[in-house]
Amino acid sequence: TNLALGILLAGVLLFVFLHDWRQTLIAAVAMPISVVATFMLMQSSGFTLNVMSLMALGISVGTLVTNSIVVLENIGRLVQEGVEPFEAAERGTKEVAIAVLASTLTNVVVFTPIAFMSGVIGRIFLQFGLTVVYATMFSLVVSFTLVPMLAARMIRPGQGVGHGEGLGARLARGWNRAYDGLAAAYGRSLAWSLDRKWVPLVVTSVVLVGSLLLFRFVGGEFIPTTDQGQCQVLIELPEGTSLARSGEVADRVARIAGAHPEVEGVMVKVGGEARGIEDAAVLVRLKPVKERSLGVNAFMNVLRPELAGIPDARLSVSAVGEARAGQSDLEIEILADDPTQLLAAAGSVYEVVRSVPGLVEVQTSDQPGKPELNVTPRRLELAQQGLTAATVGGILRAAYEGAEAGVFRQDGQEYDIVVSYDQAGRADPAHLGDMPVATPSGVTIPLADVADLQQGLGEATILHADKQRKVDITASIADGTLSDKRALIDEGVARLGLPAGVIVRYAGTAKMQDESFASILSALVMAIVLIYIVMAAMLESFVHPLTVMVTLPLGLVGMALALFFSGATINIMSLMALVMMIGIVVNNAILMLDHTAQLRAAGQGLVPALLSACPTKLRPIIMANLAIVIGMVPQALGGAGAEFRTPMAVVQIGGVLVSTVFTLYVVPAVYVIFDRLTLAGRREAREAKA
């Protein structure tokens, strides 16, 4: 739905700018053709239609039409200037071929590293990255073949809504006058900024630094929390709790949760894999999003205080969904070789985590185990009685686990006869000392004569990692983000002054966040290097690719503003949008500089060429970037799984809008400054002085 809506909105935008249904139809046809053609390569790659591949197509809607817009606008401009349509189609395509090819290749070299990132994030974004690459390549083919062919046969001078006397014609001419005024104003302001070329650079630098400070107010997490409409309550009761008691507590939790109008149903499970009947779980399924007023996170925050009154139970409430995989929001591992040192450090870290506001259900794996009775044989007394430790162990096993004494047969069925202590004797540890032990001499003695009995608690679990003992601490985030809580925990742990042998590290979601952010950073660096290589080859210069790449930090400005005002977080989706934006923001600079190079090759000077090329390319730049923004709008709005797509769409919308505005002034100024470093620039400067 978002894909179709994005195509429709982009088509409406094109009609507003072009005022010609023929040109709009040509560009609009190019989008679905590129999408449908992409299915062929998706199938050959073994991809399926899933959340990531469809989101890739939805995100690409605006990008798919940008190549066609640039080609079509150039052809239409030549036709309006009096060039014959077939000649205009051929000449117009050739004029922008290098710029369109360079723009496409920058997108390809950006998304290819995305597809081959390592770790979990690489598995997530493999189909996403390659699907965008496929769609982008097909959009290039369509813009160089289908678009010129249709333009040559459909575009004629004097056509469109802007010609005539009707209301539509008057509105179109008014729109054109407004745009012409905008272009003229841009030309004047550009001339002013080129006379004072350090002004736009200083202003942009100040804005960049200010926007970077906004990131301090933007939280971070591994992946956006999606509302799958389900949550679960995990229940841990004291050791030795009966099955009936566990069932009663689970039923009470189910009644409390089921009383809310947002709940559609509950399911109770008593018994766990680790501890047995002392564990229980209640799965709560909520009504569809449109039928309830609370999201799953808000519902859990309402439910937690209501469950706090249940005695003798440790409860944890967490959302259930594919992205969470049943993990806690925050997981910390404490490792050490010395068990005593480990438990002391774990207790201190546990108190630090508990003191962090916004964290609830803080739990530690350092829990008392089940009651046990240790029987330690006294080997001297055993030897005097002619007994061994193995003999005593066998007697104890027979008494508590039972020994098979024979088989009972009845009606063709066989039943094992098991002899053991009666239930009362096994339940009372005091009876163990009086257990009779037969000696080889025929004398029966109590067990207490040859063994020491001591009651205690066994360790519930003994955890290891990297050949060291460890303790796990987990918590749920009721308010705030993972990055905020990690910063507070790091401050608290740093104040503890833990011994050198103790290691405190994050696990679970936080560990995946660190690994994924590192993979995205690697993809970002690789994309920047590849973009420089492509630009150097296309522009035949080692200097002016740097001019184009000056636009890259401008994406951070838009990202910071978008995340700050939308309330979204820094996560793998928003960071991925930043990487994607690298291939988009450079396209504006490529268009301007490519046309500038053509005018300079025709004999114009540096500044006159810029003052002519930049206003000329203003229209396709505005159209292409607004098409990208309009195509993203459906992704940024609601719908199923919107939490997953919104950060990516919001970042792209903010980044494209902000970077476009700054690019129009920063790139020409930097071009003038850097041109002095080129041979052609120095030669032109010498000729101007002569």
- Item | Residue list, side chain to side chain donor-acceptor pair (under 3.5 Å) with Glu84, at least two apart or on another chain | none
- Ile628 and Thr66: CA distance, side-chain angles, deciding distance, side-chain contact (heavy atoms from CB on, under 4.5 Å) verdict: CA-CA 8 Å; Ile628 293 174; Thr66 53; 3.8 Å; yes
- Message: Does any part of the side chain of Tyr186, heavy atoms only, come nearer than 4.5 Å to the side chain of Cys614, both counted from C-beta?
- Response: yes
- Task: List the atom of Ala609, the atom of Leu599, and the distance in Å for their closest heavy-atom pair.
- Result: O-CD1, 3.6 Å
- Task: Please tell me if the side chains of Val110 and Met581 come closer than 4.5 Å, counting only heavy atoms from C-beta onward.
- Result: no
- Message: Is it the case that the side chain of Ser193 and the backbone of Leu190 share a donor-acceptor pair, with hydrogens and angles ignored and the cut-off at 3.5 Å?
- Response: yes
- Task: Quick one: list whatever passes salt bridge (charged side-chain N to carboxylate O under 4.0 Å, His left out) with Arg77, sequence neighbours left out.
- Result: Glu81, Glu95
- Validation row: Thr112, Val133 side chains within 4.5 angstrom (heavy atoms): yes
Under 3.5 Å, which donor-acceptor pairs link side chains of residues 545-565 to any protein atom two or more places apart or in another chain?
{"residue": "Thr547", "atom": "OG1", "partner": "His544", "partner atom": "ND1", "Å": "3.4"}
{"residue": "Thr551", "atom": "OG1", "partner": "Val548", "partner atom": "O", "Å": "2.7"}

- Derivation of the side-chain contact (heavy atoms from CB on, under 4.5 Å) call for Ile531 and Leu105: CA-CA 8 Å; Ile531 285 178; Leu105 290 180; over 6 Å; no
- Query: Out of curiosity, Met117 CE to Ser516 OG, how far, rounded to the nearest 0.5 Å?
  - Reply: 8.0 Å
- Message: Can you confirm whether Met573 sits close enough to Met55 that some side-chain heavy atom of one is under 4.5 Å from a side-chain heavy atom of the other?
- Response: yes
- Task: To the nearest 0.5 angstrom, please state how far the CD1 atom of Ile621 sits from the CG atom of Asn588.
- Result: 5.0 Å
- Answer yes or no: is there a side-chain heavy-atom contact under 4.5 Å between Leu25 and Met154? yes
- What one should report as the nearest heavy-atom pair of Thr93 and Pro148 is OG1-CG, 3.4 Å
- Query: With sequence neighbours excluded, what pairs up with Arg486 under the salt bridge (charged side-chain N to carboxylate O under 4.0 Å, His left out) test?
  - Reply: Asp514
- Task: Only counting residues at least two apart or in another chain, list the ones meeting side chain to side chain donor-acceptor pair (under 3.5 Å) with Glu73.
- Result: none
- When rounded to the nearest 0.5 angstrom, what distance separates OG1 in Thr596 from CE in Met592? 7.5 Å
- Message: Let me confirm one number: the CG-OG distance from Asp594 to Ser103, rounded to the nearest 0.5 Å.
- Response: 8.5 Å
- Task: Please determine, by modelled atom types, if Thr481 and Asp484 share a side-chain donor-acceptor pair under 3.5 angstrom.
- Result: yes
- Query: For residues 82-118, which residue pairs qualify under ring pair (Phe, Tyr, Trp, His ring centres under 6.0 Å), counting only residues two or more places apart or in two chains?
  - Reply: none
- Closest heavy-atom pair and its distance - Leu530, Pro113: CD1-CG, 4.0 Å
- Across all chains, not counting sequence neighbours, the side chain to side chain donor-acceptor pair (under 3.5 Å) partners of Asn571 are Thr569
- Which heavy atom of Gln652 sits nearest a heavy atom of Ala577, and at what distance? CG-CB, 3.9 Å
- Note on the structure: Nearest heavy-atom contact between Thr38 and Ala135 is OG1-CA, 3.2 Å
- How close do Met576 and Phe125 get, heavy atom to heavy atom, and via which atoms? CG-CE2, 3.7 Å
- Query: Can you check side-chain contact (heavy atoms from CB on, under 4.5 Å) on Leu618 and Tyr179, steps first, answer last?
  - Reply: CA-CA 10 Å; Leu618 179 63; Tyr179 172 77; 3.8 Å; yes
- Which pairs with one or both residues in residues 190-219 pass ring pair (Phe, Tyr, Trp, His ring centres under 6.0 Å), sequence neighbours excluded? none
- Message: Nearest 0.5 Å, please: how far is CD in Gln598 from CG in Leu593?
- Response: 11.5 Å
- Message: A side-chain contact here means heavy atoms from C-beta on lying under 4.5 Å apart; do Met632 and Val629 qualify?
- Response: no
- Message: Which residues pass the side chain to side chain donor-acceptor pair (under 3.5 Å) test with Glu90, not counting sequence neighbours?
- Response: Lys94
Acceptor/donor pairs from residues 663-674 side chains to any protein atom, 3.5 angstrom cut, sequence neighbours excluded:
{"residue": "Thr663", "atom": "OG1", "partner": "Ser659", "partner atom": "O", "Å": "2.5"}
{"residue": "Tyr665", "atom": "OH", "partner": "Ser189", "partner atom": "OG", "Å": "2.6"}
{"residue": "Tyr671", "atom": "OH", "partner": "Arg600", "partner atom": "NH1", "Å": "3.0"}

- Message: Can you confirm whether Phe542 is buried at CZ, in the sense that more than 12 heavy atoms of other residues, nucleotides or ligands lie under 6.0 Å from that atom?
- Response: no
- Item | Rounded distance (nearest 0.5 Å) linking atom CG of Leu524 with atom CD1 of Ile114 | 9.5 Å
- Message: Show every side-chain hydrogen bond (donor to acceptor under 3.5 Å, both in side chains) that has at least one partner inside residues 132-147, sequence neighbours left out.
- Response: Ser45-Tyr134, Asn67-Ser139
- Query: Do Val132 and Asn107 have side-chain heavy atoms sitting under 4.5 Å apart?
  - Reply: no
- Query: Under the side-chain contact (heavy atoms from CB on, under 4.5 Å) criterion, do Lys617 and Asn74 qualify, and how do the steps go?
  - Reply: CA-CA 9 Å; Lys617 293 303 177 183; Asn74 206 45; 3.5 Å; yes
- Query: Which pairs with one or both residues in residues 181-200 pass salt bridge (Lys or Arg N to Asp or Glu O under 4.0 Å), sequence neighbours excluded?
  - Reply: none
- Message: In the structure I gave you, are the side-chain heavy atoms of Met648 and Met580 within less than 4.5 Å of one another anywhere?
- Response: yes
